[in-house]
Structure formats: structure tokens, C-alpha cells
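Worksheet: one structure, shown below.
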2 protein chains.
Amino acid sequence: MSVQRRVRLADVAARAGVSRTTASYVLNGTSAQMRISAETEQRVRSAVMELGYRRNRSALSLRTATTQTIGVISDFVATGHFASQMLRGASAAARAQDHLIVIGETEGDPAVEIQMIEEMLDRQVDGIIYTTLVTAEVRVPAQLRERRAVLLNCVDPVADLPAVLPDELAGGRSAADVLLAAGAGERVYVVGEEVNPHAIAGPQRVQGVEEALATAGTPLAGVVPCFWDVEPAYEAVTAWLATDVTPTALVCLNDRIAMGTYQALAAHGLQVPSDVSIISFDGSELAGWLRPALTSVRIPYAELGALAVQTLLDPTAPTTVLRSPMTLLHGGSVSSARGYQSSGRQPTRTGAGRALR
Amino acid sequence: MSVQRRVRLADVAARAGVSRTTASYVLNGTSAQMRISAETEQRVRSAVMELGYRRNRSALSLRTATTQTIGVISDFVATGHFASQMLRGASAAARAQDHLIVIGETEGDPAVEIQMIEEMLDRQVDGIIYTTLVTAEVRVPAQLRERRAVLLNCVDPVADLPAVLPDELAGGRSAADVLLAAGAGERVYVVGEEVNPHAIAGPQRVQGVEEALATAGTPLAGVVPCFWDVEPAYEAVTAWLATDVTPTALVCLNDRIAMGTYQALAAHGLQVPSDVSIISFDGSELAGWLRPALTSVRIPYAELGALAVQTLLDPTAPTTVLRSPMTLLHGGSVSSARGYQSSGRQPTRTGAGRALR
DNA sequence: CTGTTAGCGCCTTCAA
DNA sequence: TTGAAGGCGCTAACAG
């Protein structure tokens, strides 16, 4: 049993006592230019109301080769934060333009990816957003090359398609700036290391940090390499602390690394932020759950999603790379020694003993 | 500019030197029953290949009032874990049956909800999954009543629709069973309290816990009421610990509550699991990030999503409530005093000092 | 076995 | 202003 409607445009026309053509004109807003009398138009509109008429989009699509639907192809699976935020932004932007979003989770399988794109093209989507979990350089499937598509969180150097990305470089700089402003810019280390050669977030963040620190005359003290997750960060930082280093601040490349770092510091008897300041990237829910709350450079997922939709739906959009600014999510993980004030969430309950996590 | 194809069925037929009808039969797999020669069929298939033909779904939809598309209406926004896991399961199940999923995030706004459903019905979705973030009793919009729809994570006592839910009661029992098996069943408290009168997860979990404990002759020692989030749990447990209680184990109603509880226990100098065992519900990523890793009764989101899709697509499915089992995600947060063995992740690195978080 | 025909519901000339 | 007519691409009787 499929969901369908009964009322046809013909019924509306009959009820209004006009021709289908006239009814059609009214519905398309072409009534003015067709010089349809206001009275007639009103009759049609009443009929639409009374009958609860809605156009049949299948018929419309067949006729216009348009569906008011956009596809989102993504390679990520269980990545809660990214996926939902991005889809939320995209969904809202799509709704604002009367479009619906159809999703295609490829689970990273290129064959599935191609299949999903085909399915979407079959359904005449008006365009496709191609997005990846990891900010990286990619090669989009050939199917997308000649079509209306926008890359989200990735770029393809050979395909001539618009792309939407976070401004990682500026994000890196602002992370360092926060530390500098707090007077915690002397011995700054980065925790995390990018291993994917196509990834661009990590390198750009580090570059931004280095630039800002260099400008202040306090070069980056070093890097603690580790995979981007809680446990690897815990292990790496624990081992590193055993070498008797005395960091002023740590820049963690994402919030999960920061969590592992909190754990390692706590185990080593170091407190955040009094002993060590921490700042990271993501601005996920996790940042708010930690104690003290983590100061994090937020990835504007929702904005990216919305921007991608707007770009896709804008026929005049150039095929350039758009960089969306990363904003600061204030927590209490950066020392306020030199009067740096967190203006967002209150870094309450940061007292000794309780901060041990 | 919309994405569209060129090759029509007529082209394929022409290329194969047959009529459109014949080509159509081959494509629909009706060739056998129409007794089309294998040779002819082969010619058609070749033509399809050579021309890269794919049927135009808009045309198909207009003709068959079917779209091979299902809609998912959800009220949740930034809820990473739930949303993505559920969509992953639903997406995979849909793909297995050649369906695509179109999403409708209502952000909890009833007006948006109605609008989204209309948009979906306009697009002739074959059915709609109506899902809510909080497991609860709801009243679905009237539009859904008469249509092919399935409720996911909620029930509507008056609408005659199938519903898919986690088996919270059994989940509650198994949580208590884990504690009992570990010899930590003597002074068990529940942390968290449901305030939404329509919610069903909380009450059922507690009921399950109580039943299992009662069976073992060690009734629930009490409840520490708090909102279901990290900070409220931290506050509540901290205040509660100040009253000199000596819990054997805590059942946290979700993983975020458990995180806040970890924090409060650490601040109070109590260790998990040597001093207090902890078990919670959700089985989210967070459980694995905590130290020691949290033992949690997993909500089978992906399975629920898949089940909902299968139910929706099965014309013979009865309009009953399906309960999906909650499985145990093993961590190291439950004492193994009496030889209880966590069989999943290794609860490594649980040594003194490091467990303080 | 295969071709002919008639719509599915809607938009859009073209004439009137 | 409006009616008639064609056609988007495909399926499904109904004849051959």
C-alpha cells in the first residue's frame, strides 16, 4: 500500500468552475502575467483549500525533471556529532527552500557509493552534496563531475565543483591566540598527529598554531604524536609526561584527544588549567561534559551543511572553495593567569580536587 | 539545472530492435511469464548496458504511485549518537530493499512536523517512520493514521500502527543481573529520575532493576534523582555522597549520568569499580571513553532502525509493538569480586590512581 | 511472443 | 481568459 492522494488538479478546476489551464496558472503564480481575474483566482484557491489539494510531485517531476530534493552522500557511519549537526544544518536550509533531503550512507564502500549516487540520480535529485567525515582531499566519483554537486568537508583538485570547508588555518591561529592571551603561550605542545596523507584539517590546524605562536615569538615547543582518539591520547601523553616535560599548554587536535589528555594529566597529578592549559578542536558535546569544561575551537558543522545546501541551490554559485569560520567554544580549560576571560559557559567548579579528570 | 538522464526506454527498444513493451517486460523481470525469447532478452540487456540506460523513476512513480523511498520523521536535533546509529541501521536496511531514505528533522516543532510529512506525502514516499528521541508515548499527527507508517522508539496508544522499541524492561533486569553476578547487588542505588510523564524508558529500566533485585532478595536501596545529563548527575551524586551513604553499586539511567557520577565519585575519593560498581544504559561511544570503560546496557539503535524499515516494507506486518533486545556492552566498571568476567573490551589500566576519573 | 494503445497528473504552447 | 492537444517516460491491458 503506497501513500497517495486522490484530488487532482482537474478536480480543483471543476470545483472552481474553470479550466485546468487556469487552475494551473493560479497554482504556479503565473496568474498575474496571464491576467486571470482576482475573483477567478480566489475561486481556485478556495477550491484548493476545500479539497485539500496538493500537486502530485511525481507528475510534476516527470514534466519538469525537477524534484525539490537534494541528495547527501556521506562516507561516515557512527559519527554522531558530525553527521547529526551537519544534517541538521542542511535539513533546515533545505526546508527553507522547500527541498527535502535524501541520505546515502556509503559506509566508506566505493561500490555502495556509486550505487547510492545512481539511485539518487534515478530519482532525479536536483543536486548532490558529497561529504566526508575526515576533512580531506578526495576524488569524487565520475558520476558527479558533470552534475550539480557540492563538496562538503572535502575538496577535489580535479573536479570543477564548489566546496565548503571549515577555515582550519584561521581556527589554528585562534586556538593559539587564546593561549597567548591567557599568558599560556610559552611552552605549547600539540597533541595528535595526522597520518592520512590526504587529510587537511590536522596539518592546517598545526600550521595555524605555529603561525600565531611564531608571530608572538614563542615557537611551538613540540608535538606529541598520537591517533585521534581518547585512549591513544591517554597512552601517548602518559608516556610523554614520564619524560619530565613541563608544558605550559597543550593544543589537542580534537576533543577526544583532549579527553585522553585530561585523563593522563590527572593520573600524573597535574591539574587543568592551573598546571596546564588545554585547548582543542571540535566543540562537540564532549567538551561540555569534561571537568573543567573544555575550551574548544568549534567546527561549524551545521553552518557547513547549510552553506552546502545554499551553494547547491544557487545556480550562480561559482565553483570555488568556501571557508566557514570556526568559532570559539569557551570552557574553563585555559588558564586565566593574564586575565583571559572565558565569556561563554562559566568555568565553574574548577576548584582543587574536583578538577581531577 | 537539474540532474537528469537522456536515454529512454524507447531508445533501448530501438537499439535492440524490439518494441517498448518487450523492453519493459525484460526490465521488469516479467519476461519469463511473457515468454520472451532468451535471445531477445539478451539483446535488450545488451542495449541497456551499451546505452547506460536507467529507468526514469519520476515516470515510474507517476505510473505506479510508488517511489522506493521512505521518509523518516524525527524530532531530535543535535543528538549525535541516537540519530546516526538509527539512520545507519535504517539506511542499510532500506538499501537492502532498494529504497532510499528521505529525512525530515522537525526540531520538535509540530508545525514543521506536519509540513515535513506533507512534503513527504507529496513525493509519494512508500511509507513513513515516525521517531522520537525520548522513548515515550505520543500522539502521531493525524496524517499518519491512515497511512503506511511505523513508530520508532515511541508508541501511540490510539493509532493502530506498528511500533519498534528497545526492550527496556529486560534491559533493566540484565543491568541488575550483571551487578548480582558480580556480587555487587547488596546496596544498589539508581541514579537519574524521569520527569517526562510520557517517557517510558526510565520507569521501565527502574522496574526491571527492581524486579531482578527483588528476585535476588536484595531490594533496591534507593534512588538519587537527577536530570539525565553529566553536570546534573555530578551535582546530585556529590550532594548525595555528602550524606554518608555507602553504596555497593550504582545503576545510572544513561551514560552521561554515569560520566557525571564518575566525576563525583572521583572527587569524593571513591574508585570504580573497587569501591563502587557502576552500570548504565545507552552503550554510547562515551562508555568506551571513560576510565575505566563503562559497562552499559546498549540501546540497539541501528537494529531498531533496520527493524522499523523492515516492518514498514513488509505488507503483512501486524500493527503490534516489537521489542528489540538491549545487549550488554562490557567495560570495567563493575567489580569482579565474585568472579564476574567482563567478556568484551578488556578493562585494562584500571590500576589505582589512574582510575580517578 | 510482440506491437498498439491508453493513460498516470501536470505544464505549456497554440488558437479561439 | 480559456479549451484543446501534446508530451514528459513508463507500465499494462489488449490485441495480434
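Small disclaimer: the values here were computed from a predicted structure and weren't measured. By convention in this document, chain letters (A, B, ...) are assigned in the order of the sequence lines, proteins followed by strands, and residues within each chain are numbered from 1.
- Between dA12(D), dT11(D), dT2(D), one nucleotide has an atom nearer to the side chain of Tyr25(B) than all others, and that is dA12(D).
- Per the geometry, CG belonging to Asp11(B) stands 9 Å off P belonging to dG9(D), to the nearest Å.
- Gln124(A) has its side chain out of reach of Ser61(A): every pair of non-hydrogen atoms, C-beta onward, lies at least 4.5 Å apart.
- As rounded to whole Å, 16 Å separates atom C1' of dC8(D) from atom CZ of Arg57(A).
- A straight line from CG of Leu51(B) to P of dG9(D) spans 14 Å, rounded to a whole angstrom.
- Under the rule for a side chain to side chain contact (heavy atoms under 4.5 Å, CB included), the partners of Ala149(B) that lie at least two apart in sequence or sit in another chain are Leu144(B), Leu161(B).
- In DNA chain D, consecutive stretches of 3 or more Watson-Crick or G-U wobble pairs with both distances under 3.5 Å are given as paired ranges: C:1-16 with D:1-16.
- Counting only heavy atoms from C-beta outward, the side chains of Val102(A) and Glu119(A) never approach each other to under 4.5 Å.
- DNA chain C is contacted by both Asn56(A) and Arg43(B); Arg43(B) maps to the nucleotide lying nearer its 5′ end (nearest heavy atom per residue).
- The nearest whole Å value for the distance from the CD atom in Gln42(A) to the C1' atom in dT1(D) is 18 Å.
- Counting any heavy atom pair closer than 4.0 Å across all strands shown, Leu60(B) reaches sugar-phosphate atoms only and no base atom.
- A donor-acceptor contact under 3.5 angstrom links the side chains of Thr69(B) and Arg123(A), judged on distance only.
- A sub-4.0 Å separation between OP1 or OP2 of dC10(D) and a side-chain N or O of Ser24(B) is absent.
- With DNA chain C read from its 5' end, the first of the two nearest nucleotides for Leu9(A) and Gly17(B) is the one closest to Gly17(B).
- Listed by chain and number, the residues in a ring pair (Phe, Tyr, Trp, His ring centres under 6.0 Å) with Tyr130(A) amount to none (sequence neighbours excluded).
- Residue Tyr53(A) places at least one side-chain N or O closer than 4.0 Å to OP1 or OP2 of dC10(C).
- Taking the charged nitrogens against the carboxylate oxygens, Arg54(B) and Asp122(A) do have a contact shorter than 4.0 Å, which makes a salt bridge.
- Inspection of the Thr132(B) and Asn153(B) side chains reveals no N or O donor paired with an N or O acceptor under 3.5 Å.
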Tabulate protein N/O versus nucleotide N/O from nucleotides 5-7 of chain C, keeping only pairs under 3.5 Å, one per line.
residue	atom	partner	partner atom	Å
dG7(C)	N2	Arg63(B)	NE	2.3

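- Scanning for side chain to side chain contact (heavy atoms under 4.5 Å, CB included) contacts around Thr311(B) gives Val150(B), Pro162(B), Val164(B), Leu307(B), Ala317(B), Leu322(B), with sequence neighbours left out.
- The shortest distance between the side-chain N/O atoms of Ser19(B) and the OP1/OP2 oxygens of dT2(C) is not below 4.0 Å.
- Distance Gln124(A) CD to dC8(D) P: 14 Å, rounded to the nearest Å.
- You'll find the side chain of Ile73(B) reaches within 4.5 Å of the side chain of Glu113(B), heavy atoms only.
- Base contact: Leu62(A) has a heavy atom under 4.0 Å from a base atom.
- The side chain of Thr64(B) contributes no N or O atom lying less than 4.0 Å from OP1 or OP2 of dT11(D).
- Applying the salt bridge (Lys or Arg N to Asp or Glu O under 4.0 Å) test to every pair with at least one member in residues 301-316 of chain B, sequence neighbours left out, gives these pairs: Arg298(B)-Glu303(B).
- When rounded to the nearest whole Å, the span between CZ of Arg55(B) and C1' of dC8(D) equals 17 Å.
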